[in-house]
Each structure stands twice: as structure tokens, then as C-alpha cells.
Amino acid sequence: MSKTPSKTPQAIRGTQDIFGAEAEAFAHVVETFERVRRLYRFRRVEMPVFERTEVFARSLGETTDVVSKEMYSFEDRGGESLTLRPEFTAGIARAYLTNGWRQYAPLKVATHGPLFRYERPQKGRYRQFHQLDAEVIGAAEPQADVELLAMADQLLKELGIADGVTLQLNTLGDGDSREAWRAALVDYFAAHRAELSEDSQDRLERNPLRILDSKDPRDRAFVADAPKIDDFLSGEAQDFFGAVTAGLDAAGVAWAREPSLVRGLDYYRHTAFEFVTDRLGAQGTVIGGGRYDGLMESLGGPATRAVGWAAGIERLAMLVGEAGQIAIDALDVSIAVEDDRAAVAGQRILAQLRRSGLSVDMIASGSPKKRFDKAAKSNARAIVSLNIDNEKVVSGLRGSTELVERIAELIRPIIEAENR
RNA sequence: GCGAUCGUAGCUCAGUUGGUUAGAGCGCCGGUUUGUGGUACCGGAGGUCGCGGGUUCGAACCCCGUCGAUCGCCCCA
């Protein structure tokens, strides 16, 4: 009668309906990650998609902007404040503490799935997005950092996108080194306060390290001569970073020192790194991570040294798509039922071919005369056409010889049975 | 939160200085041709021109608002 009276609801801003080639690329990234993480013996974990808000609020610490404005938080029916996970690390840290996973330390775990951040969407940035994640918890040794980076490096290589991506590496030193550096940066930038961008004048109070990766040319002029972390590193911190870089060289992982690479959060210590590309607009970080030795304590646990990374699946999938790494639609057989009286025979053949491991589609609707053409357009490696001749089902086969012979064997008994 | 660009058929897009009934290609449906055939042709369905207001004799086109998308800034766990 009338058309649908109500309007179709719209998707939530920043969510994606992934389909076709993009979905194939997405799945390819996840499958490759699953394979590689097994090679490195990272154990699979499944984590809740939401936690008590506390879990993220306490681990994120003083970055109030992030906590108050960029998390998907809500109250449940009991009045408890919950938050859709904006990252994996805090939840995994919580699980490590509440489940007694210390007994497995050093624990290597990997997971992947959706994350949520209340941000303005742009290229490679969504409100629901997806990440791969790998963590080594309870490992103080630089070898853990090396292993993690080697895994990330191998992942990129196996995805065939390593060429346009570089590993930027830095150290933030231990707690004391980091504090001394931070203080020196504040002094330095405060002396040029008036000449900095408005944003950076603000950052001077909130998050001075971030001035280092400001995009504003007014700031960049001063960044080059800013105090370097290297001048503040303790002997221990120097040794640690030296062991990481030596390990990377030994493992054949290419890296580049990036002294202005910092982390926004205070719990990061020592190694910080990003795999970066210039092919994704403003969102060039494809894998990011570092050592978070201060995190467990902020959740009320014992001092536990840990290191991890996360990778944006959408961003990796975009690079994979660009590189043309995905071959989709490897259809083996297309069946054209050119007479409806052969439909049952078609069903039997379809089932039989699929059971024997072939990917098969069947065309049995629309104009019978056009079904063969549709089957031909599907680019299948072989076409089976079914027709009725003299009250009997007859089949026609076309395609690569080997496959056609195999199909002929499989369908002969079915057609004989149909015609009995 | 801020800025720029863009919203016309299922998809990709035309649409002249504002001027009759808003078009094409692809896709979809039907038919003719071909008859072991991925061809060609004919026809058809499908549009509140994002939405709301304004200017005008007249708006897809100009103006305002709004919603949405894209890209960037801020932020980036």
C-alpha cells in the first residue's frame, strides 16, 4: 500500500559499515596478525568491551581532556559509571591484576577488536575503530621491547606494506630522566613563550612534551634547539636504550631515531615508538606503543614493568588495499540453471561441489536466457550450465580443463540419478 | 570544540547567465538477437534535487539556517 512511513535511522557518526574489498583487506590484516603472533608465541586473550570508568580514568592520569571529553562513558542501571574501552592496555592491566596473571609473567598476550573514542571523524580516524594489540607484561628486559618490535616489523612485511613505513624510535628514560628533561623543556620554552603558537603556550602548562611534535611552524623553529633527552638520561636508561637498539640491529629491524617522539601519558618510560607512513593524510601512525612501567601502580597493583603496542586495523587495511595485496573473488564454479526444471539438480550439484571444497555460486533466478551470461560475468574458473533436453537434465561444462574434469566426475552420478 | 569543501536515481556523475515534463553511464527487471552463447539492440522500474525557511513571475542553481559526509586543526591512550 503506502511506502514505509518512518525514516530509516542513520548510522552513528564515526561508525563504519565495512564491505567488499575493504572488508577483505580488514580480514586479511587480522588473519595475518593472528598468524604472526603465534610465531612469536603471544597468547590470545579476549577482553570486555567495557570496564568501570575508573580503569581508564586512573590509568590515563592527568590528561583530563582525554578522560572528560573523549571517552564514551555512561551509567548503567545501577548508577555505575562505565566506559567503552578507548584502548586495550588498561583493561589488560586490570585483568592481569584481578586474575592473578602474575603467575604467568612474563606474559605475552595479543588481542584485537573494536575500541571507542568520542572524537571528530577524519581520514583513518573513527569513533568506533579497530586495533590489533600486543603486550608483554612483567618483563623488565630490553629483549621484550625488541621482540615486540620485531613482531610488528614482521607483520608489516608479511602484509606487504613495510616499504612506505618507517619505525621511529625514542627513549623517554626512566622516571628521573624524564622529569629532568621535562623541567628543562619547560624552562626552555617558557623563555620563548611569547613567540610560541597559542596552542603551545597552552601546552606549556598542560603537556609540555607535546610542543615537540607541534605542526605549527612558529613552534618548529624552537624545537630544533630544544633540550634533548639524551642529555638527561641516567646511565641505566642509556644502557637500556642501547640494548634495545642493538637488539633491533641484530634482529634486522630497521629503525630511525626520532628525538621529538613523545607519549602524551605520564606512565610511559624508556622505549617509545611509532611505525609511521606519509600515505594516510594527517593520521600517519600505523602502529604505536612503548614501555609503560608506571601503569600497574596507578591501578593499585605492584610495580610491574611492561611494554606493548597497538595497530589501527583500518589504517593497515588502507595501506594493504593501496598496495593491491588483496585478491578477492576467487570463485571456482558458477552454475547456471537455464531451465527451472533443472533447479533441483542444480541444488544437488551446488551442495556436492561445495562439500568437495570448491567455492561455488548458482544463478537460478531472472530470465533463464540471461543466466548463462550472468554466470560468465562472475569470472568463475568454470561454468556449469544445466538445461532440459528431451525431458532429461543435461549439463554443459566450460573452463580450465583440469577443473572441468574434476567437476564432471562429481556431477555425473547426480545427473544420472536425476534422469532415472 | 574550531575551520574548509561537498550533499541530484541503488552506484559514479552531468545539469549553461535562475526558465517548460531533471539527464547519462553502470547496475537491476523484461524482451529481441545470438544459440555453447561473456555480443548487440529495444523497452521498463527507480528521484520529496539532504531537510527547513527566504529572494523571485519562476529555484537543483541565489541567500540564511539545519542535518549529514569528507578533509584538516585541537587532542591522540
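Naming: A, B, ... by sequence-line order, numbering from 1 per chain.
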Pairs under 3.5 angstrom, nitrogen or oxygen only, protein versus nucleotides 29-32 of chain B, please.
{"from": "B/C29", "atom 1": "OP1", "to": "A/Lys374", "atom 2": "NZ", "distance (Å)": "3.1"}
{"from": "B/G30", "atom 1": "OP1", "to": "A/Ser367", "atom 2": "N", "distance (Å)": "3.3"}
{"from": "B/G30", "atom 1": "OP2", "to": "A/Ser367", "atom 2": "N", "distance (Å)": "3.3"}
{"from": "B/G31", "atom 1": "OP2", "to": "A/Ser367", "atom 2": "OG", "distance (Å)": "3.4"}
{"from": "B/G31", "atom 1": "N7", "to": "A/Lys370", "atom 2": "NZ", "distance (Å)": "3.2"}
{"from": "B/G31", "atom 1": "O6", "to": "A/Lys370", "atom 2": "NZ", "distance (Å)": "3.3"}

With [X] via ring-ring contact (aromatic ring centres under 6.0 Å, His included) - residues at least two apart:
{"X": "A/Tyr126", "result": "none"}
{"X": "A/Phe26", "result": "A/His130"}
{"X": "A/Phe74", "result": "none"}
{"X": "A/Phe129", "result": "none"}

Original post:
Looking at residues at least two apart in the chain, or sitting in another chain, which of them share a side-chain hydrogen bond (donor to acceptor under 3.5 Å, both in side chains) with A/Asp199?
Top reply: none
Subject >> Sugar-phosphate, base or nothing in reach of A/Ser59, heavy atoms under 4.0 Å >> reply: nothing
Original post:
Checking all strands, does A/Arg13 fall into the base, sugar-phosphate, or nothing category for heavy-atom contacts under 4.0 angstrom?
Top reply: sugar-phosphate
Original post:
In which stems does RNA chain B show up, taking only runs of three or more Watson-Crick or G-U wobble pairs whose two distances fall under 3.5 Å?
Top reply: B:1-7 with B:67-73, B:10-13 with B:23-26, B:28-32 with B:40-44, B:50-54 with B:62-66
**OP:** Establish whether the base of B/C75 is bridged to the side chain of A/Arg125 by a donor-acceptor pair shorter than 3.5 Å.
**Re:** yes
Subject >> Short side-chain N/O contact to B/C76 OP1/OP2 from A/Arg210, under 4.0 Å >> reply: yes
Expected output is a numbered-order residue list: members of [range] with a heavy atom under 4.0 Å from any atom of RNA chain B. What is it?
{"range": "residues 192-205 of chain A", "result": "A/Asp199, A/Arg203"}
{"range": "residues 336-343 of chain A", "result": "A/Glu338"}
{"range": "residues 277-288 of chain A", "result": "A/Gly281, A/Ala282"}
{"range": "residues 213-223 of chain A", "result": "A/Lys215"}

Subject >> With A/His112, the side-chain hydrogen bond (donor to acceptor under 3.5 Å, both in side chains) member among A/Gln131, A/Arg44, A/Glu46 >> reply: A/Arg44
Every protein N/O lying under 3.5 Å from an N/O of nucleotides 2-4 of chain B:
{"from": "B/C2", "atom 1": "N4", "to": "A/Arg120", "atom 2": "NH1", "distance (Å)": "3.0"}

Original post:
Are any of the side-chain nitrogens in A/Arg218 or A/Glu198 under 4.0 Å away from the carboxylate oxygens of its partner?
Top reply: yes
